[in-house]
Amino acid sequence: MKMRLSRYFVPTIKENPSEAAIVSHRFMLRAGMIRQSVSGIYTWLPLGLRVLTKIENIIREEQELAGASEVRMSTIQTADLWKESGRYEDYGDEMLRINDRHGRELLYGPTNEEVITDLFRKEVKSWKQLPTLLYQIQLKFRDEIRPRFGLMRGREFTMKDAYSFDIDEENSVKSYYRMFVSYLRIFNKMGIRAIPMKADTGPIGGNLSHEFLLLAETGESEVYCHKDFLEMDIPDNVDYDGDLSKYFQEWTSKYAATDEMYVEEDAKKFGDDIIKTRGIEVGHVFNFGTKYSEPLHAVVMNKEGKEIPVHMGSYGIGVSRCVAGIIEASHDDKGIIWPVAVAPFEMVVLDVKPKDEESSKVANDIYKNLKNHKLDVAIDDRNDRVGSKFADMDLIGIPLLLVVGPRGLLDGHVKLVSRKSGNSINLSVEEVQERIIKAKSEDSLQKFVDSI
RNA sequence: CGGGAAGUGGCGCAGUCUGGUAGCGCAUCUGUUUUGGGAACAGAGGGUCGCAGGUUCGAAUCCUGUCUUCCCGACCA
């Protein structure tokens, strides 16, 4: 399908909606990415959905690499399982409880430990089938006391949740490391730096747990973090069947903690290297042993022929929150600045004057050629004044803008603009395509954008 | 749930104190002139003022109730 913005649904808003108090919420509404349905619940519009989908696909790719298999559990769950695990009463009013026509107690899942454990106990019986690592990307509902900040704290939200099942503590920790490393790679691919910090295990329980926090001035929690984390290398060419403890050591040996876990004496050992800033929690990993497998009787036969409860872990990423988080971390007063990997479009060809047949044809030819070379490109063929088209593209945050109009073509050039730096370069019609296609084929489009 | 603020054309707001039958900017539609960073002029359409009661000759405005949204707090991906 041809991505013509004149035919696409992008309802941008010029003025700031009064209900949006933070940057990401404002820009998502203004850029036509989302609309609120009721408090804390949103409809995703085409542009927002493209970003969400890209993030989901990055997660899928990396989770599969780490050995996890995708499933999709139902959003509606039975209360019986929660009574069995003992969490039905604990979870409180955050859980949306529903009765069906027969009066049976159901609920809209706020998390899925019970359902996945139920699946596991029915299907897996032997230590030979372990480890088992499953994940899903699914809507969750938590009836927050006070939803706020748009997608940052909604009630309905998209979450990636993964669950590991192992024969013992030692192997369970290996699964934990797999997810830990996978997370480092996932957030890096999204174009953000999320730093693992020692975490409180909260209601999910367990002893080994880390939160991944995206650093942003507008973050919800105060964090203390060693400055080396900002430059540390992301694990590459990872052998997920090998020893991953070195990565884990590297990423946990230096100090990083949220304010509620902050211990001054520990931080002091690193002196001035600890910076105090703010962060947004985008991921959380837990290793919780047999907390659910015991009450739910998720057992396997071990080598000695004895039934033992499996050791479990769960691993979440707030997918829809990531969309907002990335905006918090990357924007200016004009709008969003998307990292290439998650931008709704990698680039847009801006047809300055759609009514000018000649220049418009050049714009369309370039568009088609780039599209044929796998670029995720759209053409802005809207019959608006160029100023408002520029303003929209800045707001929406398209990383790369290719401006094609009669004036430039007179001199034989088109203009390439980087959203991030605001810089532009004039290039011939041929050269611009060559360079973009080359960068795309080398998977270095972000570098190319950064070089402008 | 406690504290605060707000609901008036699609969006942002004024009008409410001091009741007299609704206005501004942006957006939309038509026409003309424009067109390389949110055009100009002329004209047009669109609101029973969140909802329900009440007071009054008369209510956006006063009173009572109710719903919704946002902000601060406890809670959290």
Side-chain angles (χ1 to χ4, degrees), chain A residues 11-22 25-26 29-30 32 35-41 90-95 109-112 137-162 183 194 199-204 209 211-214 220-221 258 260 279-286 314-325 334-335 350-356 359 363 380 382-395 401 403-411 413-415 417 422 424 426:
Chain A
T12 55
I13 299 169
K14 206 161 152 183
E15 290 174 274
N16 283 328
S18 60
E19 79 258 27
I22 62 163
H25 192 196
R26 268 209 303 273
L29 288 168
R30 287 190 49 198
R35 287 294 182 263
Q36 178 166 296
S37 172
V38 301
S39 182
I41 302 179
D90 296 353
Y91 223 91
D93 291 338
E94 249 190 37
M95 185 150 76
T111 179
N112 282 61
I137 296 174
Q138 177 65 291
L139 283 173
K140 300 276 187 298
F141 191 90
R142 292 182 192 170
D143 199 0
E144 294 285 336
I145 298 167
R146 178 154 87 94
R148 64 185 114 172
F149 304 146
L151 291 184
M152 208 65 95
R153 179 161 310 290
R155 293 193 290 174
E156 185 185 71
F157 55 97
T158 300
M159 183 173 166
K160 187 285 302 187
D161 45 325
Y183 273 34
D200 190 13
T201 53
I204 294 179
S209 177
E211 294 181 332
F212 285 75
L213 281 107
L214 160 61
E220 54 193 343
S221 40
T258 59
E260 65 244 22
I280 298 165
E281 186 185 353
V282 287
H284 204 151
V285 292
F286 301 88
S314 78
Y315 315 89
I317 292 178
V319 182
S320 41
R321 175 183 279 189
C322 281
V323 180
K334 287 191 277 188
L350 196 148
D351 184 352
V352 171
K353 207 169 180 181
K355 282 182 177 166
D356 183 312
S359 85
D380 188 354
R382 293 175 302 171
N383 215 354
D384 292 336
R385 300 176 70 82
V386 70
S388 81
K389 290 166 75 157
F390 274 117
D392 269 359
M393 292 307 109
D394 287 344
L395 174 63
L401 200 58
V403 185
V404 182
R407 199 171 292 177
L409 289 176
L410 271 183
D411 304 328
H413 72 249
V414 292
K415 188 166 79 169
V417 190
S424 63
N426 288 329

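Because the structure is a prediction, the values reported are computed rather than measured.
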Could you identify the nucleotide paired to B:A5, looking across every strand shown and requiring Watson-Crick or G-U wobble geometry with both distances under 3.5 Å? B:U69
Is there a donor-acceptor pair closer than 3.5 Å between any side-chain N or O of A:S320 and the backbone N or O of A:T158? yes
Interatomic distance at P, B:A77 relative to B:G65, whole Å: 39 Å
Go through B:G37, B:C72, B:A77 for me and flag the one nearest to the A:R321 side chain. B:A77
Separation of B:G12 P from A:K14 NZ (nearest whole Å): 15 Å
With a non-hydrogen cut-off below 4.0 angstrom, is A:N16 in contact with a base, only sugar-phosphate, or nothing? sugar-phosphate
B:A74 - base-pair partner by Watson-Crick or wobble geometry, distances under 3.5 Å: none
Who is the Watson-Crick or G-U wobble partner of B:G45, with both distances under 3.5 Å? none
Sugar-phosphate only, base, or nothing, as touched by A:G422 at under 4.0 Å among non-hydrogen atoms: nothing
Can you tell me how far C1' in B:U64 sits from the matching atom in B:G20, rounded to whole Å? 24 Å
Strictly distance-based, threshold 3.5 Å: is any side-chain N or O of A:K355 a donor or acceptor partner for the main-chain N or O of A:N383? no
With sugar-phosphate meaning primed atoms plus P, OP1 and OP2, does A:V403 contact a base, only sugar-phosphate, or nothing at under 4.0 Å between heavy atoms? base
Measuring only the P atom in each nucleotide, how far is B:U66 from B:G9? A whole number of Å is fine. 24 Å
Expressed as a whole number of Å, how far does the C1' atom of B:G47 sit from that of B:U8? 8 Å
By nearest atom, which of the nucleotides B:G37, B:U69, B:G36 is closest to the A:K334 side chain? B:G37
Which part of the nucleic acid does A:F149 contact within heavy-atom distance under 4.0 Å: base, sugar-phosphate only, or nothing? sugar-phosphate
Whole angstrom value for the distance that separates P of B:G36 from NZ of A:K389: 12 Å
Quick one: does A:K140's side chain have a donor or acceptor within less than 3.5 Å of a partner on A:K160's backbone? no
Rounded distance (Å) that lies between atom C1' of B:A77 and atom CZ of A:F212: 14 Å
Tell which nucleotide pairs with B:G25, taking only Watson-Crick or G-U wobble pairs whose two distances are both under 3.5 angstrom. B:C11
A:L29 CG to B:G12 P, straight-line distance once rounded to whole Å: 10 Å
Within the structure shown, what part of the strands sits under 4.0 Å from A:G408 by heavy-atom distance: base, sugar-phosphate, or nothing? base
Please report, rounded to the nearest Å, how far the C1' atom of B:G36 is from the CG atom of A:D411. 12 Å
What contact category does A:P11 fall into here, base, sugar-phosphate, or nothing, at under 4.0 angstrom with non-hydrogen atoms? nothing
Between the base of B:A77 and the ring of A:F157 - centre-to-centre under 5.5 Å, planes within under 30° - is that a stack? yes
Using purine N1 to pyrimidine N3 plus N6-O4 or O6-N4 for Watson-Crick, or N1-O2 and O6-N3 for G-U wobble, both under 3.5 Å, which nucleotide pairs with B:A39? B:U33
Tell me the partner of B:U64, counting only Watson-Crick (N1-N3 plus N6-O4 or O6-N4) or G-U wobble (N1-O2 and O6-N3) with both under 3.5 Å; none if nothing fits. B:A52
A:S359 backbone acceptor or donor facing A:K353 side chain under 3.5 Å: no
Send over the distance from A:R385 CZ to B:G36 P, rounded to a whole Å. 6 Å
Walking RNA chain B from its 5' end, the first of A:D394 and A:I13 to be reached, judged by nearest nucleotide, is A:I13
Heavy-atom distance under 4.5 Å between the side chains of A:Q138 and A:N112, does that happen here? no
Using whole Å, what does the distance between atom P of nucleotide B:G36 and atom CZ of A:R407 come to? 6 Å
How far, in whole Å, is B:G10 from B:G46 if one measures between their C1' atoms? 10 Å
Over all strands shown, is A:E281 touching base, sugar-phosphate only, or nothing at heavy-atom distances under 4.0 angstrom? sugar-phosphate
Test item: A:R30 side-chain N/O and A:K14 main-chain N/O as donor-acceptor pair under 3.5 Å: yes
Tell me what A:G405 touches on the nucleic acid: a base, only sugar-phosphate, or nothing, going by heavy atoms under 4.0 Å. base
Could you tell me whether A:R321 and A:E220 have a side-chain N and a carboxylate O separated by less than 4.0 Å? yes
Side-chain N or O of A:R146 less than 4.0 angstrom from OP1 or OP2 on B:C72? yes
Where the side chain of A:A391 is concerned, which of B:G38, B:G36, B:C72 is the nearest nucleotide? B:G38
Out of curiosity, A:S39 OG to A:R155 CZ, how far, rounded to the nearest 0.5 Å? 5.5 Å
In this structure, how many angstroms lie between the P atom of B:C71 and the CD atom of A:E19, rounded? 9 Å
Please measure how far the C1' atom in B:U48 lies from the corresponding atom in B:U21, and state the result in whole Å. 11 Å
Which one, B:G37, B:G12, B:C71, comes nearest to the side chain of A:S18? B:G12
Between B:C62 and B:U16, how far apart are the C1' atoms? Round to whole Å, please. 10 Å
For A:R30 and A:V282, take the nucleotide of RNA chain B holding the closest heavy atom to each; which residue's nucleotide lies nearer the 5' end? A:R30
I'd like the C1' distance from B:G38 over to B:C26, given in whole Å. 11 Å
